[in-house]
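Only a predicted model underlies this, so the values are computations on that prediction, with no experimental measurement involved. Per chain, numbering begins at 1; letters A, B, ... match sequence-line order.
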Protein chains: 2
Amino acid sequence: MLANQGSTAKIVRPTTLRESVLERILELIIIGSLKPGQHLVENELADNLGVSRQPVREALQLLSGEGWVDLRPGHGAYVHSPTVEEADQLLAVRTLLEAESARLAARNPDKTDISDLRDICNRGLAACVADDVDAAVAANSELHTAVVNMSGNRVLADLTSQVARRVRWYHTPVARHRGRASWEEHAALIDAIEAGDEDVAADIMRRHTEHTRQSYLESRAQHPVEEPPAPIRRRRPRTVSG
Amino acid sequence: MLANQGSTAKIVRPTTLRESVLERILELIIIGSLKPGQHLVENELADNLGVSRQPVREALQLLSGEGWVDLRPGHGAYVHSPTVEEADQLLAVRTLLEAESARLAARNPDKTDISDLRDICNRGLAACVADDVDAAVAANSELHTAVVNMSGNRVLADLTSQVARRVRWYHTPVARHRGRASWEEHAALIDAIEAGDEDVAADIMRRHTEHTRQSYLESRAQHPVEEPPAPIRRRRPRTVSG
DNA sequence: AGAATGTATGCTGTAGGCAGTCGACGACAA
DNA sequence: TTGTCGTCGACTGCCTACAGCATACATTCT
């Protein structure tokens with residue numbers, strides 16, 4: 001249910017095998033079936049997906065371009081696993097990009113867009129009080145996506161999406177769901193955008209994403225992810241699908 | 001810290017054919033042998049480079065991930081050709097990123113780095129008064145790269161590099177060589193970084209890159225590049241009757 | 001016993017080829 | 001002329017197969 005649409009708008013018709021394989025692998029990565037640092041053996045993926053190695057290889061190359069997997073010549077593809085430092089830097093850049101998005105959105109606000117934002121915000125708040133974490137996370141993602149789209153700068157939107165993806169939020173689900181405070185910030189942001197006050201909007205967004213960054217870092221510090229730095233290949237049990 | 005180039009930092013040993021093919025194609029794109037919008041036929045490249053189609057295909061997939069070529073399923077690869085609008089948005093984002101780089105660089109300036117910056121700046125100014133455009137362009141690129149590296153944020157550096165590449169400056173060589181004024185701005189920037197005045201540094205960089213952006217747009221407006229927009233479907237022109 | 005070396009095995013990188021598909025071009029009908 | 005259909009050529013997408021390499025294991029030497 002994630003709005004992972006916005007990035008690669010190039011693909012219109014996923015008719016080719018390569019594209020469908022890409023989506024399948026991406027799905028496995030997102031839901032965690034393929035874990036960070038895991039070695040992606042082409043043959044296994046090909047067998048499990050019922051295709052040859054070629055489409056798998058090409059899908060992996062494309063995924064590497066989007067930062068989902070790391071390619072090591074002669075060794076194969078590994079699910080990208082951001083270090084704490086990289087995640088920190090990614091979130092810093094995200095703060096920068098999203099603050100600019102908010103500024104541009106406030107520069108020429110659109111009534112329809114504002115209305116959409118309020119709808120999303122209400123849904124998110126409702127999900128929050130209902131303790132529906134999944135819905136709250138979805139609404140949060142939706143709202144941020146809507147704001148960057150309002151900026152009118154497609155490059156900015158694509159880059160923001162790319163950066164956000166590379167963080168791999170599943171390390172810390174709590175970081176994306178900081179409770180009511182987050183939605184109050186969202187509401188204030190929408191007000192600022194509607195009022196056309198770009199400085200205020202940018203500042204609110206900056207502090208908002210900065211809060212998220214802090215939450216992420218704290219959460220990751222508390223739950224020290226077993227860093228899989230293992231660059232070498234490791235034998236694993238047979239099956240992959242799950 | 002590895003002083004690795006931001007672009008293709010992943011490749012450590014270009015031992016594989018795929019990597020060398022990638023570099024060859026990239027070279028051809030950069031020097032303009034392969035023009036923007038041009039259709040890259042796999043067989044031709046394979047024959048010219050003396051390899052099979054497979055390494056060529058994979059190299060093209062990797063190049064698409066870095067924004068050098070566009071992949072259209074069922075049609076092949078085309079050299080990326082940014083529209084005026086896209087270039088404008090790219091340069092806007094670049095302004096944002098580089099201003100932040102300057103801010104971070106000024107936050108904790110390093111004596112050695114400052115010295116390097118001044119050397120580059122002197123070389124650039126010398127090249128400028130000697131009317132050596134190539135050298136001036138090179139020094140300019142070198143200086144901006146040095147500043148983003150001083151930010152200490154590798155993600156920021158990589159993204160900046162990626163965004164800058166996608167502009168395809170060769171549309172307008174003049175845009176990268178605005179004369180002495182540009183180098184005076186550079187000098188002021190270095191002063192601000194050395195003084196640790198991050199607000200001033202960010203502001204100088206922002207206005208500097210904004211000037212570049214304006215120059216680019218004006219230059220491109222004066223020299224209307226024959227847009228090779230025809231992505232597909234060159235249908236016969238319809239004669240409007242009535 | 002520890003270290004060095006030979007061997008085995010799995011995986012990647014590359015080649016070649018076949019089929020499907022898209023677009024161009026020409027013929028034909030309105 | 002203009003629109004439509006069928007054919008052709010070219011190119012991509014995909015598969016199979018082989019070669020090369022890297023890692024892990026077994027063996028031998030010191």
From the options D:dA17, D:dC15, C:dG16, select the nucleotide whose nearest atom is closest to the side chain of A:L17. D:dC15
Closest to side chain of A:P55, choosing from D:dC15, D:dA17, C:dC11: D:dC15
Here the distance between atom P of D:dG13 and atom NE2 of B:H75, to the nearest Å, is 9 Å
Taking the side chain of A:E44 as its heavy atoms from C-beta onward, which of C:dG13, D:dT12, C:dC11 lies nearest to it? C:dC11
Gap between atoms CZ and P, on B:R57 and C:dG16 respectively (whole Å): 16 Å
Quickly work out the A:E58 CD to D:dC15 C1' distance and round it to whole Å. 12 Å
Spacing of B:Q54 atom CD relative to D:dA19 atom P, expressed in whole Å: 17 Å
Side chain of B:R53: nearest nucleotide among D:dG13, C:dG13, C:dA15? D:dG13
Taken to the nearest whole Å, NE2/B:H39 to C1'/D:dC11 is 7 Å
Measure from CG on B:L45 to P on C:dA15 and round the result to the nearest Å. 14 Å
All heavy atoms of A:R168 vs all of A:G67, minimum pair found to be NH2-O, 3.3 Å
Contact summary for B:R18 and B:A59, nearest pair of heavy atoms: O-CB, 3.8 Å
Identify the two heavy atoms, one from A:H39 and one from A:H75, that lie closest to each other, and give their separation to 0.1 Å. NE2-O, 3.0 Å
Mind running side chain to side chain contact (heavy atoms under 4.5 Å, CB included) on A:E98 and A:V147 for me, showing each step along the way? CA-CA 8 Å; A:E98 295 224 28; A:V147 171; 5.7 Å; no
What integer distance in Å separates A:L40:CG from C:dC11:C1'? 13 Å
Taken to the nearest whole Å, CD/B:E19 to C1'/C:dG13 is 11 Å
